[in-house]
Amino acid sequence: MIKVTFPDGSVKEYKEGITSLEIAEQISPRLAKEVLSATVNNEVIDLTRPITTDSKLVLHKWDDAEGKHAFWHSSAHLMAEAIEALWPGTKFGIGPAIENGFYYDIDPGDKSLNESDLLLIENKMKELASKDLTYSRRNVSKKEALNIFSTKGDEYKVELITDLQDGTISLYTQGNFTDLCRGPHLPSTEPIKAIKILSLAGAYWRGDEKRKMLTRVYGITFPKQKLLDEYLVFLEEARRRDHRRIGKELELFTFSPKVGMGLPLWMPKGSDIRSKLIEFLTVILRKRGYKIVATPHIGNVNLYKTSGHFEKYGADSFQPISTPQEGEQFMLKPMNCPHHCEIYNATPHSYKDLPLRMAEFGTVYRYEQSGELHGLTRVRSFTQDDAHHFCRHDQLREEFKSIIDLVLYVFRILNFNEYTAQISLRDPDNKEKYIGSEENWEKAERDIIEAAAEKNLETVIVTGEAAFYGPKLDFMVKDAIGRKWQLGTIQVDYNLPERFDLTYNGSDNQKHRPVMIHRTIFGSLERFVAVLIENTSGKFPLWLAPEKAVILPISEKFNDYARKVLELLNNSDICTLIDERSEKIGKKIRDNELKRIPFLLIVGEKEEESGSVSVRKQGDGDKGAMKPDEFVNFVNEEIKKEIDL
RNA sequence: GCCUCCUUAGCUCAGUGGUAGAGCAGCUCACUCGUAAUGAGCAGGUCGAGGGUUCAACUCCCUUGGGAGGCUCCA
């Protein structure tokens with residue numbers, strides 16, 4: 001007999017070799033029907049694996065990530081079986097579960113899959129799933145595994161197996177399909193009720209752009225049709241929140257192929273939001289002791305040779321601009337830091353002056369790969385809310401912490417709660433990719449980790465994501481469909497102070513080398529506005545709304561009165577519009593609600609007589625009548641509540 | 001940059017070889033209206049661009065611009 005401990009602490013005895021599924025059946029038939037995988041002693045395994053020792057057991061249903069993972073992983077195998085049935089000879093790469101669904105990378109040989117094939121796959125999968133195929137696991141030797149897959153001609157699997165250690169290799173089979181796999185899987189295809197094959201994409205084998213591009217097939221499955229329907233509705237809603245769509249709808253920004261791809265054109269309303277964000281942040285920066293500077297949009301090529309950026313990114317940048325002067329070349333600035341270093345060097349510095357905080361809303365230009373451009377989130381010209389902190393080594397930790405505070409402060413005011421903080425360190429296996437001494441790297445990595453810990457910031461640590469000159473702490477947010485974007489970043493840099501020979505005089509009257517911190521809060525105004533749009537569906541907080549109110553006369557008879565109110569409000573700095581069309585009030589309300597204008601002011605006979613406006617708050621209905629000056633105070637009060645700095 | 005797909009009116013989209021369609025937006029007229037769509041009429045497109053096949057191309061083929069979803073990249 002073995003002892004099994006459940007999550008609630010209770011312990012039960014079972015005969016040795018019992019499976020999690022059998023245990024679930026003994027608890028309740030309903031549970032057995034819903035359970036998808038199990039964690040036994042911290043290892044997630046198949047429900048059908050025998051348990052042979054005293055164990056801690058957690059059963060996973062659909063609601064657990066582990067349950068979904070097994071469900072989707074099994075679905076990936078099922079899709080592979082369908083693909084093999086449809087196109088025999090297809091070679092298979094990898095097919096994992098992902099955050100939403102699963103994919104399989106395949107090499108269909110001469111055939112190239114197109115969108116109409118997705119339905120074929122889907123239907124084949126439905127047919128196979130309904131056969132209630134069981135997933136069975138078996139351990140094999142490396143030799144046997146190599147034999148199986150080389151006989152089959154699955155060269156990608158052979159490559160994967162070659163890198164595996166003998167004795168750790170397992171295969172899973174369902175129906176006519178066997179795959180190299182660690183598991184875990186569902187007991188059978190029975191729970192897979194709703195299937196949607198979503199899209200096709202290219203993906204380099206093993207993520208290496210020098211290797212063959214395989215065809216990646218994305219899909220998602222659910223245990224109930226209703227869940228799939230809900231997911232498809234969610235995707236549709238997310239599409240409606242897309243900042244590219246809302247940006248066009250609300251006339252915030254545009255792109256023109258004539259200007260060039262990835263070069264955003266801010267329209268009046270978008271530009272207004274952008275300016276308000278800059279003003280907002282400027283007030284905060286001044287309070288926090290930042291000095292605001294301005295630098296040109298170009299710099300001599302030698303500047304970037306000094307900084308090391310030319311060597312690293314020169315070939316992938318907008319290429320240098322030549323001048324009439326033989327041999328002279330300038331670059332569009334891809335970052336502001338070298339310019340700031342030269343401002344630092346323009347005056348002597350004492351240890352007493354540090355830390356020096358230098359900020360600039362600096363527009364930079366980067367030649368991003370064409371396939372990488374994406375709305376406002378990835379562009380070729382963008383304005384960073386950039387700053388550099390020049391500090392003594394003993395100040396680094398405190399300075400870093402103060403920036404974390406600043407980022408969290410700004411996010412809090414803006415109601416940005418859905419971020420994750422990510423610490424990016426070197427790739428320990430590729431240290432030669434980075435510049436700077438081992439000692440400085442170690443210290444910088446330690447400082448970041450400890451500063452974040454001291455601020456009680458919940459972080460994930462990722463290796464291999466550091467900048468080439470130093471480790472960093474990034475604040476990431478998700479867009480409407482779950483893609484992650486980096487907003488704020490705090491980066492430690494020992495490299496540029498070295499390259500630009502930055503110094504300060506210490507208390508010992510000797511020259512010392514400061515350390516630099518690069519930081520942004522918004523990241524870039526472009527990306528930040530994009531995220532803001534997707535977070536709010538274009539219903540910006542009142543203080544950011546480019547237009548605060550629109551006056552809606554009940555009929556043309558009241559246009560004169562409406563114009564009087566309009567003038568009064570605009571003179572009081574409440575940006576207001578008027579809708580003088582000869583439309584019914586219901587139509588005017590609808591149209592202006594769709595334009596996301598925060599307040600609709602309805603004026604008719606009643607209002608004209610009493611010298612008032614009827615206030616309707618967007619999305620919130622009638623708020624009753626107010627005098628125009630009361631409305632001005634009301635709006636100003638509301639704004640104050642939003643950004644009480 | 002690579003893979004798959006898309007590109008038709010200001011916007012959202014029909015139209016798979018026989019000289020271009022709808023809804024919304026716009027304009028005009030009527031209505032003068034009380035909290036999410038009043039009605040009628042008009043106007044609007046060299047079907048992204050260039051080349052080819054064909055008696056005939058929005059439709060098929062090639063090149064190219066731009067876009068979407070991924071991959072790679074992201075100072």
Side-chain angles (χ1 to χ4, degrees), chain A residues 98 103 105 112-118 198-218 235 239 242 244-245 248-249 251 255-258 260-262 304 307-314 316-317 333-338 364 366-375 377-379 384 386 424 465-470 472 474 481 483 485-486 489 491 493 495-496 518 523 527 552-559 581-594 600-607 614-623:
Chain A
I98 52 176
Y103 66 78
D105 282 347
S112 85
L113 292 199
N114 61 45
E115 237 126 74
S116 61
D117 294 325
L118 299 185
L198 294 162
S199 61
L200 290 171
Y204 299 109
W205 171 232
R206 303 200 115 177
D208 183 346
E209 65 179 322
K210 289 183 190 70
R211 304 198 64 177
K212 183 159 184 175
M213 183 159 269
L214 303 182
T215 302
R216 179 168 295 180
V217 188
Y218 284 92
L235 282 184
R239 258 176 235 126
D242 191 307
R244 292 164 297 188
R245 185 189 180 113
K248 183 178 267 184
E249 231 175 84
E251 297 176 3
F255 290 90
S256 155
K258 282 189 184 136
M261 59 163 107
Y304 307 105
S307 71
H309 290 107
F310 187 81
E311 190 194 345
K312 186 87 180 168
Y313 296 107
D316 305 319
S317 295
K333 74 172 166 187
M335 75 289 300
N336 304 297
C337 15
V364 297
R366 297 179 183 177
Y367 193 80
E368 305 289 2
Q369 296 185 71
S370 61
E372 260 311 327
L373 298 173
H374 183 96
T377 50
R378 194 83 184 270
V379 285
Q384 297 179 312
D386 205 0
S424 301
E465 294 282 308
F468 74 96
Y469 48 73
K472 57 183 184 166
D474 292 329
I481 67 166
R483 282 177 292 232
W485 298 98
Q486 175 206 307
T489 181
Q491 313 180 349
D493 184 357
N495 172 56
L496 284 186
H518 309 245
R527 188 174 282 180
L552 311 181
I554 295 284
S555 81
E556 287 172 11
K557 283 192 291 193
F558 308 105
N559 281 358
R581 294 175 306 163
S582 121
E583 291 289 351
K584 288 167 85 169
I585 195 67
K587 167 79 164 166
K588 291 190 188 184
I589 287 170
R590 179 182 156 79
D591 288 351
N592 288 288
E593 286 269 355
L594 290 175
L600 309 187
L601 306 178
I602 290 141
V603 297
E605 196 174 351
K606 271 191 305 196
E607 289 77 11
S614 283
V615 179
R616 185 190 158 103
K617 192 170 178 184
Q618 103 118 303
D620 198 22
D622 199 346
K623 297 275 124 186

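Proteins get letters first, then strands, A, B, ... in listed order; numbering begins at 1 in each. Just so you know, these numbers use all the heavy atoms, side chains as well, and skip hydrogens, waters and symmetry mates.
The two residues A:Ala201 and A:Tyr218 come nearest to each other via the heavy atoms CB-CE1, 4.1 Å. Here the shortest heavy-atom pairing between A:Pro334 and A:Arg366 reads O-NE, 2.8 Å. Taking all atoms of both residues into account, the shortest heavy-atom contact from A:Asn592 to A:Lys588 is ND2-O, 2.8 Å.
Here A:Asp208 contributes atom CG and A:Met213 contributes atom CE; the two are 11.0 Å apart, rounded to the nearest 0.5 Å. Taken from CD in A:Glu605 to CD1 in A:Ile554, the straight-line distance is 10.5 Å, to the nearest 0.5 Å.
Here A:Phe468 does not lie in a stacked arrangement on the base of B:rA75, lacking the combination of planes under 30° and ring centres under 5.5 Å apart.
For the pair A:Tyr218 OH and B:rG70 C1', the interatomic distance rounds to 5 Å; values are reported in whole Å. Taking atom OH of A:Tyr204 as the reference point, atom C1' of B:rU4 lies 13 Å away to the nearest angstrom. The distance from atom NZ of A:Lys584 to atom C1' of B:rA36 is 12 Å, rounded to the nearest whole Å. Rounded to a whole Å, the CG atom of A:Leu198 is 14 Å from the C1' atom of B:rC5. Taking atom CG on A:Leu214 and atom C1' on B:rC2, their separation rounds to 12 Å, with Å as the unit. Atom CG in A:Asn559 sits roughly 15 Å away from atom P in B:rU32 (whole-Å rounding). In this structure, A:Asp117 atom CG and B:rC3 atom C1' are separated by 15 Å, rounded to whole Å. Separating the CG atom of A:Leu373 from the P atom of B:rG66 is a distance of 10 Å, rounded to the nearest angstrom.
Evaluation of atom-type donor-acceptor distances gives no pair under 3.5 Å for the side chain of A:Tyr367 against the base of B:rG1. The base of B:rA36 lies close enough to the side chain of A:Arg616 for a donor and an acceptor atom to sit less than 3.5 Å apart. Side chain A:Ser555 to base B:rC31: no donor-acceptor pair is found below 3.5 Å. Between the side chain of A:Arg378 and the base of B:rC73, at least one donor-acceptor pair of N or O atoms lies under 3.5 Å.
In terms of phosphate contacts, A:Ser370 brings a side-chain nitrogen or oxygen within less than 4.0 Å of OP1 or OP2 of B:rG1. Contact annotation: A:Lys587 side-chain N/O to B:rA25 OP1/OP2 distance is under 4.0 Å. Contact between the side-chain N/O atoms of A:His374 and the OP1/OP2 oxygens of B:rC74 is not found at any separation under 4.0 Å. A close approach under 4.0 Å does occur between a side-chain nitrogen or oxygen of A:Lys472 and OP1 or OP2 of B:rA75. Note on A:Arg206: every side-chain N or O is 4.0 Å or more away from OP1 and OP2 of B:rC71. Contact between the side-chain N/O atoms of A:Arg211 and the OP1/OP2 oxygens of B:rC71 is not found at any separation under 4.0 Å. Look at A:Lys557 and you'll find a side-chain N or O under 4.0 angstrom from OP1 or OP2 of B:rC33.
Separating the P atom of B:rC73 from that of B:rA56 is a span of 50 Å, rounded to the nearest Å. Taking atom P in both B:rG23 and B:rA9, one finds a spacing of 16 Å when rounded to whole Å. Nucleotides B:rG67 and B:rA57 are separated by 24 Å at their C1' atoms, to the nearest Å. For B:rG41 and B:rC24, the P atoms lie 12 Å apart once the distance is rounded to whole Å. Look at the C1' atom in both B:rG45 and B:rG70: the space between them is 33 Å, to the nearest Å. Between B:rA22 and B:rA36, the distance separating the two C1' atoms is 24 Å to the nearest Å. Straight-line distance between the P atoms of B:rG50 and B:rG65: roughly 15 Å, to the nearest whole Å. The gap from the C1' atom of B:rU46 to that of B:rU8 amounts to 13 Å, rounded to the nearest Å.
Positionally, the nearest nucleotide of RNA chain B for A:Thr215 lies more toward the 5' end than for the other of A:Thr215 and A:Glu368. Comparing A:Glu465 and A:Leu200 by the nucleotide of RNA chain B that holds the closest heavy atom to each, the one mapping nearer the 5' end is A:Leu200.
Comparing B:rG69, B:rA75, B:rU35 against the side chain of A:Asp242 picks out B:rG69 as the nearest. Closest to the A:Met335 side chain, of the nucleotides B:rA75, B:rA36, B:rU4, is B:rA75. Comparing B:rU4, B:rU35, B:rC31 by their nearest atom to the side chain of A:Ser582 picks out B:rC31. Checking B:rG69, B:rC2, B:rA75 against the side-chain heavy atoms of A:Met213 singles out B:rC2 as nearest. Side chain of A:Asn114, nearest nucleotide from B:rA75, B:rU4, B:rG1: B:rU4. With B:rG34, B:rU35, B:rA75 as the candidates, the nucleotide lying closest to the side chain of A:Arg366 is B:rA75.
Among the heavy atoms of the strands, none lies under 4.0 Å from A:Gly308.
Partners of A:Glu249 under the side-chain hydrogen bond (donor to acceptor under 3.5 Å, both in side chains) rule, at least two apart in sequence or in another chain, are A:Arg596.
In this structure the side chain of A:Glu311 never reaches within 4.5 angstrom of the side chain of A:Phe468, judged on heavy atoms. The shortest side-chain heavy-atom distance between A:Tyr469 and A:His518 falls under the 4.5 Å cut-off.
Taking a pair as Watson-Crick or G-U wobble with both distances under 3.5 Å, RNA chain B forms stems of 3 or more consecutive pairs at B:1-7 with B:65-71, B:10-13 with B:21-24, B:26-30 with B:38-42, B:48-52 with B:60-64.
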side-chain contact (heavy atoms from CB on, under 4.5 Å) for A:Tyr204 and A:Lys210? Distances and angles first, verdict last.
CA-CA 8 Å; A:Tyr204 299 109; A:Lys210 289 183 190 70; over 6 Å; no
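A distance-only check finds no donor-acceptor pair linking the side chain of A:Gln618 to the backbone of A:Leu600 [under 3.5 Å].
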